[in-house]
Protein chains: 2
Amino acid sequence: MSGAMLKDALVTLKESGVRITPQRHAILEFLISSETHPTADEIYKALESDFPNMSVATVYNNLRVFRNSGLVKELTYGDASSRFDFVTHDHYHIICDECGSIVDFHHPGLEEVERLASYVTGFKVNSHRLEVYGVCPTCEKQAVKAN
Amino acid sequence: MSGAMLKDALVTLKESGVRITPQRHAILEFLISSETHPTADEIYKALESDFPNMSVATVYNNLRVFRNSGLVKELTYGDASSRFDFVTHDHYHIICDECGSIVDFHHPGLEEVERLASYVTGFKVNSHRLEVYGVCPTCEKQAVKAN
DNA sequence: TAAACTAATTATAATGATTATAAAGAAGTA
DNA sequence: TACTTCTTTATAATCATTATAATTAGTTTA
């Protein structure tokens, strides 16, 4: 079923006039199979063995292409590098304050919040971003052990 | 009343053992009076005339100090520089996709979302981040005019 | 009030993520 | 197959932010 997602993504790209190169194929495939919201550099390193000559710029360029096609979402957290997430169905992220791990969770969209924001500010609303922060079970366990 | 906010902030700092320097005083004052969620560089430039010898590092250092004391919140948006927001009472931000302007709005906290996220993922929740994106009235007017 | 202790500031260099550039290579098409 | 155009590569540049080390200045206490 992740095979179908890849195929769909390739069709989407082709339809918007984007050429399918081996590098693009590999980056997409890696993103889809990945559970970990990788950084550009992690993608680069993961594909190094298959593409020894690939440039980091290629990874960045293509992530931008994918983002512009709506296939990939960029997650930014100030300090560190951006992370990239293949868009499947809508979900939110919860992020561990200790180890930085990112876990998906589903929740109905926050249309009510969007409506209120629009009403109060006069903006025409396009989208929103929500993240929850906390401590993941693994880190919590270690904290308990340490006491 | 913004004078009271500054006074409170200075007390908070003093109580946590942070020295009050003229630079810190000025940065805080500027942040409180500012409506625009400035970047570190904007703060630096704004205070240049009063503190011709101040270093950019001082601005960054002190913004970190203020953040650690809970006085200031850092807003990160990937591409550009971080923006800094003096914490008054809880509010969310709505951001214009066209011109980047940031406007505050108030909404009851999303405790329900936090609860669900915690339940689904097993995380101990600390906080959340919510932003709404759209087009501000000014940009909307210009878009209409352009058609 | 002045000495002493320690933290803060300054100037500068370093870091690290991301982007720009220009030449070489490869997709897609007639 | 040859052509056109987009993509990749390698490298240098940019820009925000942080580290460093020397100097300066708050704060405390006698």
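Owing to the predicted nature of the structure, the values given are computational and were not obtained by experimental measurement.
From one end of the helix from C/dT1-D/dA30 to C/dA30-D/dT1 to the other, with five pairs defining each end axis, the axis direction shifts by 30° (rounded to 10°).
Nucleotide C/dT18 holds its P atom 13 Å from the CG atom of A/Asn61, rounded to whole Å. Following rounding to the nearest Å, B/Phe66 (CZ) and C/dA8 (P) show an atom-to-atom distance of 11 Å. Rounding to whole angstrom units, CG of residue A/Asp41 and P of C/dG16 are separated by 11 Å. Rounded to whole angstrom, the span from the CD atom of B/Glu42 across to the P atom of D/dA16 amounts to 11 Å. Atom P of nucleotide D/dA10 and atom CD of A/Glu48 are separated by 12 Å, given to the nearest angstrom. Between B/Leu75 atom CG and D/dT17 atom P there is a gap of 12 Å when expressed in whole angstrom units. A/Phe51 has its CZ atom 16 Å from the P atom of D/dT7, to the nearest Å. B/Arg64 has its CZ atom 17 Å from the P atom of D/dA16, to the nearest Å.
The line from NE2 of A/His37 to OG of A/Ser82 is 13.5 Å long, rounded to the nearest 0.5 Å. Rounded to the nearest 0.5 angstrom, A/Leu130 CG and B/Leu110 CG are separated by 6.5 Å. Atom-to-atom distance recorded for B/Glu42:CD and B/Phe84:CZ is 11.0 Å, nearest 0.5 angstrom.
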Could you go through residues 17-28 of chain A and list every donor-acceptor pair under 3.5 Å that involves a side-chain atom there, pairing it with any protein atom two or more places apart or in another chain?
from: A/Thr21; atom 1: OG1; to: A/Arg24; atom 2: N; distance (Å): 3.1
from: A/Arg24; atom 1: NE; to: A/Asn62; atom 2: OD1; distance (Å): 2.8
from: A/Arg24; atom 1: NH1; to: A/Arg19; atom 2: O; distance (Å): 2.8
from: A/Arg24; atom 1: NH2; to: A/Asn62; atom 2: OD1; distance (Å): 3.3

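By the ring pair (Phe, Tyr, Trp, His ring centres under 6.0 Å) test, B/His106 is found to be paired with B/His89, residues two or more places apart in sequence or in another chain being considered. Qualifying side chain to side chain donor-acceptor pair (under 3.5 Å) partners for B/Ser34, counting only residues two or more places apart in sequence or in other chains: B/Thr36. Partners of A/Arg64 by side-chain contact (heavy atoms from CB on, under 4.5 Å), not counting sequence neighbours, listed by chain and number: A/Asn61, A/Arg67, A/Asn68. Residues forming a side chain to side chain donor-acceptor pair (under 3.5 Å) with A/Tyr44 (at least two apart in sequence, or on another chain): none. Every residue two or more places apart in sequence or in another chain that forms a ring pair (Phe, Tyr, Trp, His ring centres under 6.0 Å) with B/His128 is listed here: B/Tyr92. For A/Val120, the side-chain contact (heavy atoms from CB on, under 4.5 Å) partners at least two apart in sequence or on another chain are A/Leu116, B/Phe105.
A/Glu74 and A/Arg83 are not joined by a salt bridge, as no carboxylate oxygen comes within less than 4.0 angstrom of a charged side-chain nitrogen.
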Pairs under 3.5 Å (N/O, protein and nucleotides 28-30 of chain D):
none

Distances for protein N or O near nucleotides 11-13 of chain C N or O, under 3.5 Å:
from: C/dA11; atom 1: OP2; to: B/Asn53; atom 2: O; distance (Å): 2.8
from: C/dA11; atom 1: N7; to: B/Ser55; atom 2: OG; distance (Å): 3.3

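Sorted by first and then second residue, the side-chain hydrogen bond (donor to acceptor under 3.5 Å, both in side chains) pairs with a member in residues 45-59 of chain A read A/Asp41-A/Lys45; sequence neighbours excluded.
A heavy atom closer than 4.0 Å to some atom of DNA chain C occurs in B/Arg19, B/Thr21, B/Gln23, B/Arg24, these being the qualifying members of residues 13-28 of chain B.
Of the side-chain N and O atoms in B/Tyr60, one or more sit less than 4.0 angstrom from OP1 or OP2 of D/dT17. Taking 4.0 angstrom as the limit, B/Ser82 places a side-chain polar atom (N or O) nearer than this to OP1 or OP2 of D/dT17.
Using a 4.0 Å heavy-atom distance criterion, A/Asn62 is classed as a sugar-phosphate-only contact.
Residues B/Val65 and B/Leu71 are members of one and the same hydrophobic cluster, defined by side-chain heavy-atom contacts under 4.5 angstrom among Ile, Leu, Val, Met, Phe, Trp and Tyr.
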